[in-house]
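Input: a single structure, listed below in structure tokens.
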Amino acid sequence: MMSSRKTEWGATGAVTSLDAAPRPVRRPRRLRQTAAHRSLVRETHLSAGDLIAPLFVEEGSGGKTPIAAMPGQYRFSVDALLEEAGALAALGIPGIALFPAISEDLKNATASHAVDPDGLYPRAIRAVKEAFPDLLVVTDVALDPYSSDGHDGIVHGGRIHNDKTLDVLAAMAVVQARAGADFVAPSDMMDGRVAAIRQALDAAAFTDVGILSYTAKYASALYGPFRHALSSAPRPRASVPRDKKTYQMDPANGAEALLEADLDVAEGADVLMVKPGLPYLDVVRALSTRFPEIPLAVYNVSGEYAMVKAAAAAGFLEEREVVYELLLSMKRAGADIILTYHAKDAANWLREDVQRG
Ligand code: PBG
């Protein structure tokens, strides 16, 4: 045995079959040997400064209501919202994306409460900006939280009326800007809304308020927990379209996202966004390649969060490692900004990792 082994390893100088095997000249493993090596050659970095935390606000005071399908997420009363916003800011998270839960009796077919300057939403925006002027507030421009039909646009004759909706979107963006929004974020997918909103903001002298556009927002089944949290799903009535497929994009389409991006850039969007995140990283990559000069965001949505939370709670996944990997994948694909319900946890973990060294 020994002698044959020796021979095999060339100790006798004999040419053996193993010696003849070609040795790799390039060994990528060389740069993976230690944590120090890996740190030096790491291509993508995640930091709290990349994250925006979506938060829900509801009427009432001094409390927060847990959202069943989104463990760790709440609908906050305005005062509880301030506490949460302060905690996020202290963690180095630069902004929040705020969504309102509007009581049913204030909803109607024209979503008129969306433009009430004294409504819950403008009050919440004002309160956050007064308490934390440096924390960016991204506001949602779409009718669904205020619509008795549960649609992002106005339902007219059983269809979503694009241009009637534009007028309301533009007016609500101005109300939000007046309340202190740093970015308005149209999530409605009506055609021409970025131009309509830009024009209205500028006419009201809000030239410094940015537009973060939901450029490629897909008709995804992953918004379920969010709609549940806000009771904002399309209403099951014969006169109301049962889904959002006539305005949100078909999950089968990638090239169409380029058209949406071209339109948004031409209409003046400051930041583009792809939504959801994980199943659409090809679209993130495509938009970052097409417009390297325009910041790109991705929305890691409620259903993506719910899947991770459920698997982690069952003990099937290591939550922290999985969240890092998912968020990194979004940055690697080309996103500069990530809207994620994991923001607070991720910022806390990143801080712990720095302290541990
Ligand atoms: C609606 C809106 C939705 C989300 C953000 N804004 C849901 C929808 O389009 O029905 C989803 C966010 C999430 O699932 O986390 N304008």
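FYI, side chains are in, hydrogens and waters are out, and symmetry mates aren't considered; it's all heavy atoms of this structure. Each ligand, and each atom within it, is numbered from 1 in the order the structure gives. Bear in mind the structure is a predicted one, so any value in this text is a computation, not a measurement.
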Can you tell me if Gln73 and Tyr305 form a side-chain donor-acceptor pair at under 3.5 Å?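 A donor-acceptor contact under 3.5 Å links the two side chains.
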
No-hydrogen, no-angle side-chain donor-acceptor test under 3.5 Å, Asp152 and Tyr214: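 No, no side-chain donor-acceptor pair sits under 3.5 Å.
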
Establish, for the pair Lys275 and Tyr223, whether the NZ or CZ atom is under 6.0 angstrom from the six-membered ring centre and no further than 45 degrees off its axis.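 Yes.
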
Ring pair (Phe, Tyr, Trp, His ring centres under 6.0 Å) against Tyr280, all qualifying residues, sequence neighbours excluded: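 Once residues adjacent in sequence are excluded, the partners of Tyr280 under the ring pair (Phe, Tyr, Trp, His ring centres under 6.0 Å) criterion are Tyr218.
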
If you measure from the Lys or Arg side-chain nitrogens to the Asp or Glu carboxylate oxygens, is any gap between Glu319 and Lys309 under 4.0 Å?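 Counted as a salt bridge, because a side-chain N and a carboxylate O are separated by less than 4.0 Å.
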
Would you please write out the protein residues whose heavy atoms approach any atom of ligand 1 to under 4.0 angstrom, listed by chain and number?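 Phe99, Ala142, Asp144, Asp152, Ser187, Lys217, Leu222, Tyr223, Phe226, Arg227, Lys244, Gln248, Lys275, Tyr299, Val301, Ser302, Tyr341.
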
Heavy-atom check, side chain of Asp270 versus side chain of Ile294, under 4.5 Å: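 SC-SC contact between Asp270 and Ile294 ruled out.
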
